[in-house]
Amino acid sequence: AYTAISKVGFNLDNYKVILNWQDFENAVAYAKVLSEDILKKRLWLIIDDTTAMRWHKALEIKDRMGHKSIGQKDWGIASAELKLLVSNLSRDFNLFMINQMMDEYHEFDIIGEDGKTTKEKQKSGVRVPAWIPNGLDYLIDGILEVRIDKDVKPAKQYINIDGGREIWICDDSFNPRIDNITPENIMKSLGITEDRL
């Protein structure tokens with residue numbers, strides 16, 4: 001994200017590189033001080049990306065438990081702790097979390113020549129968010145996807161809104177596409193009021 005934010009004039013003093021879980025905790029503590037004591041307003045906390053956040057949390061749990069490598073239980077504990085963390089962070093901050101995309105799979109019943117049924121997973125051809133932690137989509141204000149319009153030259157980015165807490169995407173007047181990408185236009189399209197900016 002460093003390259004992107006440096007191009008749009010973001011204050012790099014507030015950009016924190018996260019190399020381990022302690023770095024993440026330090027960044028959150030810094031943001032709380034900035035929000036509560038210095039700026040005295042609710043800030044936006046942007047986490048890019050949640051896959052790395054999950055790895056850092058799982059590594060922290062592995063170390064805390066004294067394991068040589070990350071085990072299945074460590075991943076389970078990490079998921080539970082991340083759900084609680086996201087819930088707590090959303091109370092203190094306007095939270096913006098960036099997820100990677102992944103292929104969607106569907107499970108099919110395949111009947112073999114012997115008449116026995118087996119399960120087989122196949123790609124659906126659709127890309128979906130890799131929600132980390134699972135259920136994250138129920139804890140957030142908006143679901144957005146950056147897309148590329150290759151029908152124009154040069155190609156142009158736009159944002160598609162897939163859902164949001166403050167909007168009804170089935171409304172006839174709802175337009176999911178944002179071409180003029182600015183923080184203000186994104187917030188307005190998600191129904192987020194001025195007092196949260």
Side-chain angles (χ1 to χ4, degrees), residues 1-19 23-24 27-28 31 34 39 41-56 82 86 89-90 93-108 120-197:
Y2 177 85
T3 301
I5 64 167
S6 63
K7 288 184 182 214
V8 297
F10 187 79
N11 182 351
L12 294 177
D13 291 341
N14 297 333
Y15 178 82
K16 304 296 179 194
V17 177
I18 307 300
L19 300 176
D23 287 347
F24 180 81
V28 170
L34 196 59
L39 298 175
K41 72 175 198 171
R42 187 177 175 104
L43 297 182
W44 281 90
L45 182 65
I46 301 169
I47 298 174
D48 179 19
D49 74 305
T50 59
T51 300
M53 180 179 72
R54 181 178 181 231
W55 270 100
H56 288 311
L82 285 174
V86 169
L89 289 175
S90 68
F93 300 100
N94 294 317
L95 197 54
F96 193 99
M97 301 184 74
I98 300 170
N99 294 284
Q100 295 180 12
M101 300 294 283
M102 66 180 183
D103 290 319
E104 179 183 59
Y105 285 84
H106 290 288
E107 194 169 76
F108 297 95
E120 184 177 302
K121 286 187 174 184
Q122 294 178 357
K123 289 182 183 179
S124 70
V126 175
R127 302 277 291 162
V128 295
W131 297 115
I132 297 174
N134 288 337
L136 177 64
D137 47 330
Y138 294 102
L139 299 171
I140 57 179
D141 288 311
I143 302 168
L144 313 169
E145 181 182 356
V146 177
R147 294 184 180 171
I148 308 293
D149 186 349
K150 294 182 180 177
D151 293 335
V152 297
K153 296 294 179 201
K156 184 173 169 42
Q157 285 185 332
Y158 68 95
I159 288 182
N160 192 72
I161 300 174
D162 293 323
R165 189 182 317 217
E166 304 293 336
I167 55 172
W168 177 242
I169 63 172
C170 296
D171 189 306
D172 287 340
S173 65
F174 175 71
N175 180 9
R177 184 169 168 147
I178 304 171
D179 286 304
N180 182 14
I181 302 172
T182 66
E184 293 79 16
N185 285 342
I186 293 169
M187 297 306 124
K188 183 178 178 184
S189 297
L190 286 170
I192 294 174
T193 55
E194 291 275 333
D195 61 320
R196 290 186 55 196
L197 296 176

With sequence neighbours excluded, what pairs up with E145 under the salt bridge (charged side-chain N to carboxylate O under 4.0 Å, His left out) test? R147
Any salt bridge (charged side-chain N to carboxylate O under 4.0 Å, His left out) pairs touching residues 158-167, not counting sequence neighbours?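 Sorted result for residues 158-167: D141-R165.
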Start with the C-alpha distance between N14 and W44, add both sets of side-chain angles, then the distance that settles side-chain contact (heavy atoms from CB on, under 4.5 Å), and finish with yes or no. CA-CA 11 Å; N14 297 333; W44 281 90; over 6 Å; no
Please, which pairs that meet side-chain hydrogen bond (donor to acceptor under 3.5 Å, both in side chains) have at least one residue in residues 148-157, sequence neighbours excluded?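 Listed by first then second residue: D149-R177.
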Minimum-distance pair of heavy atoms, taken over all atoms of [X] and [Y]:
X: N99; Y: A130; answer: OD1-O, 3.3 Å
X: V86; Y: P133; answer: CG2-CD, 4.1 Å
X: S90; Y: R42; answer: O-NH2, 2.7 Å
X: S189; Y: I167; answer: O-CG2, 3.5 Å
X: P129; Y: M102; answer: O-CE, 4.0 Å
X: G142; Y: L190; answer: CA-CD2, 3.8 Å

Rounded to the nearest 0.5 Å, how far apart are [atom1] of [X] and [atom2] of [Y]?
X: I169; Y: I161; atom1: CD1; atom2: CD1; result: 9.5 Å
X: Q122; Y: E107; atom1: CD; atom2: CD; result: 10.5 Å
X: Q100; Y: R127; atom1: CD; atom2: CZ; result: 9.0 Å
X: D103; Y: K121; atom1: CG; atom2: NZ; result: 12.5 Å
X: D48; Y: I98; atom1: CG; atom2: CD1; result: 3.5 Å
X: I159; Y: T182; atom1: CD1; atom2: OG1; result: 9.0 Å

With a 4.5 Å heavy-atom cut-off, do [X] and [Y] have their side chains touching?
X: H56; Y: F24; result: no
X: F96; Y: L144; result: yes
X: I132; Y: W55; result: no
X: K16; Y: D23; result: no

Taking it one step at a time, do L89 and I47 satisfy side-chain contact (heavy atoms from CB on, under 4.5 Å)? CA-CA 11 Å; L89 289 175; I47 298 174; 4.2 Å; yes
Counting distance only, does the side-chain N/O of N185 pair as donor-acceptor with the main-chain N or O of N180 below 3.5 Å? yes
